[in-house]
Amino acid sequence: MAVTIEELYRNYGILADAKDNLSQHKDAYQAILDGVKGGPKEKRLAAQFIPKFFSSFPELADAAINAQLDLCEDEDVSIRRQAIKELPRFATSENIFRVADILTQLLQTDDTAEFNQVNAALISISKMDAKGTLGGLFSQILQGEDIVRERAIKFLSTKLKTLTEDVMTKEVEEYVFAETKKVMEDVTGEEFVLLMRVVSGLRVLQSVNGRQQLVELVVEQADLEQALNPADPDAVDRLLQCTRQALPLFSKNVHSTRFVTYFCENVLPNLSTLTSPVAELDIQLEVLKLLAEMSPFCGDMEKLEANLNTLFTKLVEFMPLPPEEVENGENSASEEPKLQFSYVECLLFSFHQLGRKLPDFLVDKVDAERLKDFKIRLQYFARGLQVYIRQLRVALQGKTGDALKTEENKIKVVALKITNNINVLIKDLFHNPPSYKSTVTLSWKPVQKPEAAAPKRPSGEEMGSGGSTKKQITPLPRRDARQIYNPPSGKYSATIGNFNYEQRGGFRGGRGRGFGVRGNRSRGRIY
């Protein structure tokens, strides 16, 4: 016979009045546990009464937790919410792992309020015992259903950083890193990005040694020991995502050498045949930009001369020879070569960075005929460069405020940065012998303080108010929304595209997990 509301209140009164003699009223607590078999009102009361006296009846602990779990799975969402709200009260030292494991499974709910309540409960028990709670979360990430795994990883990536230092101790952070490494043995692209966000924020890994450990983790995922298959979009996507995650970790003490070497040996020779993982993405430009960003942090390279030669060869490909002249000195009727400024900026910058490590490369390592050809290409490109720099400055002359914020003018501002950068680097290479001393900020990177080696002519920022006063330009787009300059003359063939790395999973087929292989979980209990 089901317990009534009156019986629940009567037994509650018995227990409330018992004070120090609670253990003598086991039957009263058992009657409250039986309330989960009643109607909606009885269940709501049971959801509140069961946790209140839970700690006083250790012999009924399993029965009490199971009764509360029944309520967490009730068809009535209001009962489920009440039961979930009370779950943290069961999280004693010996039960914390189990409660965390249960709450993690409950993340699969589609009810927004219930989902938020589960999140709040997980945060609450994390403050009681962070390591025990994380144990339950990682248990489900490693062994649970796909929907639970996905939401548990997202929970870690968004909520872990909100916990205070006294909760996230060194021991706890080391545990997170160790468990994350286990998870990363088998991940999708999206999971990898989220997990890197988790471990990159750990205070214990903010040292040089810690950042080096993170780079090692990315290197393992990138599979740099294997040659790249340029026709496999998943392999290309994996490399892009891993490189993107490694970039913020590089510094003068944490080197990008293995990635730069891999790009020179495996990517540049296959640049024209790379298969883009996303139709709108200019994969060649994306790869070249990644290489350019990494190149300043490259350490000692075993095959420096060979890799510089590969980079030099690719740079020459993007720097056309001037059109042939007919007898009267005019250009032939053939179409003028396209000057691909965006690509050349990346290649020239990368060559300039690595060239510092072997400054006699253009003097002693390149034969005279090849060097002559290169200088002809440089001169032709430099002439075209000056034309467009003048056009851009005229176009931006006098533009201020909102006028600089139009889409067209924002592209022109970026274009001026690109062309100014190339101009500075070409001037260095025209020195005899070539110089590698100038410093530029890549056009898509945040605006830096003016460098001593900046061009003598007015910069794009100075043009904002007629060249008399410096003017802050509109912040540049994020790296995943880069813009490629298309000059009005029609000599470029490039498009402006957006690509969000964090929304793609590109590790399919490489590590066995893939997407959706585990199927959808029903609400049946697997606690």
Side-chain angles (χ1 to χ4, degrees), residues 264 268-269 271-272 284-285 288 291-292 295-296 303-332 334-392 415-440 442-443 451 453-457 485 487 489 491-492:
C264 289
L268 288 183
L271 190 64
S272 61
Q284 294 190 50
L285 182 59
L288 294 178
L291 176 60
S295 58
K303 301 177 182 178
L304 176 58
E305 183 180 336
N307 290 331
L308 255 177
N309 191 56
T310 301
L311 194 49
F312 177 72
T313 301
K314 190 57 62 176
L315 173 60
V316 169
E317 285 182 25
F318 282 90
M319 301 193 75
L321 285 166
E324 294 181 6
E325 294 185 353
V326 293
E327 292 183 2
N328 61 7
E330 296 181 358
N331 289 344
S332 63
S334 61
E335 183 181 348
E336 288 190 29
K338 292 175 181 176
L339 304 182
Q340 296 173 299
F341 291 157
S342 297
Y343 301 86
V344 170
E345 179 195 16
C346 300
L347 285 163
L348 204 52
F349 181 87
S350 300
F351 180 78
H352 193 268
Q353 291 294 321
L354 295 188
R356 292 175 178 176
K357 300 178 181 299
L358 191 61
D360 63 347
F361 176 79
L362 287 175
V363 178
D364 297 333
K365 310 300 181 182
V366 177
D367 63 68
E369 193 63 33
R370 198 177 176 203
L371 184 58
K372 179 182 177 183
D373 172 81
F374 179 57
K375 287 189 173 180
I376 290 172
R377 294 171 188 268
L378 269 184
Q379 287 170 346
Y380 176 66
F381 206 95
R383 287 201 302 270
L385 194 68
Q386 294 304 322
V387 171
Y388 286 118
I389 288 176
R390 284 195 295 270
Q391 289 181 358
L392 289 165
L416 190 57
K417 290 175 66 68
I418 294 171
T419 48
N420 277 333
N421 283 346
I422 297 173
N423 194 39
V424 172
L425 298 175
I426 284 180
K427 283 181 179 179
D428 257 16
L429 297 184
F430 270 140
H431 280 97
N432 190 15
S435 169
Y436 299 93
K437 295 180 180 179
S438 294
T439 303
V440 299
L442 290 163
S443 59
E451 299 286 351
K456 294 181 180 178
R457 300 190 65 169
Y485 175 46
S489 65
K491 292 188 179 180
Y492 291 127

Within the structure provided, determine whether [X] and [Y] are in side-chain contact (heavy-atom separation under 4.5 Å).
X      : Y      : value
Ser435 : Phe430 : no
Pro323 : Pro337 : yes
Leu285 : Cys346 : yes
Ser295 : Phe351 : no
Phe374 : Leu315 : yes
Leu288 : Leu268 : yes

Taking all atoms of both residues into account, what is the closest heavy-atom pair of [X] and [Y], and its distance?
X      : Y      : result
Val344 : Phe318 : CG2-O, 3.5 Å
Leu371 : Leu362 : CD2-O, 3.3 Å
Arg377 : Met319 : NH1-O, 2.8 Å
Ala292 : Ser350 : CA-OG, 3.2 Å
Tyr436 : Leu429 : CE2-CD2, 4.0 Å
Ser438 : Val424 : CB-CG1, 3.5 Å

To the nearest 0.5 Å, what is the distance between [atom1] ([X]) and [atom2] ([Y])?
X      : Y      : atom1 : atom2 : result
Gln340 : Glu317 : CD    : CD    : 10.5 Å
Lys427 : Ile422 : NZ    : CD1   : 13.5 Å
Leu385 : Ile418 : CG    : CD1   : 10.5 Å
Phe312 : Leu347 : CZ    : CG    : 12.0 Å
Tyr343 : Lys338 : OH    : NZ    : 10.0 Å
Asn420 : Ile389 : CG    : CD1   : 5.0 Å

Have a look at His352 and tell me which of Thr439, Asn421, Asp428 forms a side chain to side chain donor-acceptor pair (under 3.5 Å) with it.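 Per the side chain to side chain donor-acceptor pair (under 3.5 Å) rule, the option paired with His352 is Asp428, out of Thr439, Asn421, Asp428.
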
Give a yes or no on whether the backbone of Gln386 and the side-chain of Asn423 come within a donor-acceptor separation of less than 3.5 Å.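 Checking the backbone N and O of Gln386 against the side chain of Asn423, no donor-acceptor pair under 3.5 Å is found.
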
Under the 3.5 angstrom rule, does the side chain of Asn307 hit a backbone N or O of Cys264 as a donor-acceptor pair?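 Side chain of Asn307 to backbone of Cys264, a donor-acceptor pair under 3.5 Å: no, none is there.
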
Please evaluate residues Leu358 and Glu305 with respect to the criterion side chain to side chain contact (heavy atoms under 4.5 Å, CB included), reporting the C-alpha separation (whole Å), side-chain torsions for both, the decisive distance (0.1 Å), and the verdict. CA-CA 8 Å; Leu358 191 61; Glu305 183 180 336; 4.0 Å; yes

Side chains of Thr313 and Arg370: any donor to acceptor distance under 3.5 Å?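 On atom types as modelled, these side chains qualify, holding a pair under 3.5 Å.
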
Evaluate the criterion side chain to side chain contact (heavy atoms under 4.5 Å, CB included) for residue pair Leu291 and Phe349; output intermediate values, then yes/no. CA-CA 9 Å; Leu291 176 60; Phe349 181 87; over 6 Å; no

Are any of the side-chain nitrogens in Glu369 or Lys372 under 4.0 Å away from the carboxylate oxygens of its partner?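 A salt bridge is absent here (no side-chain N lies under 4.0 Å from a carboxylate O).
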
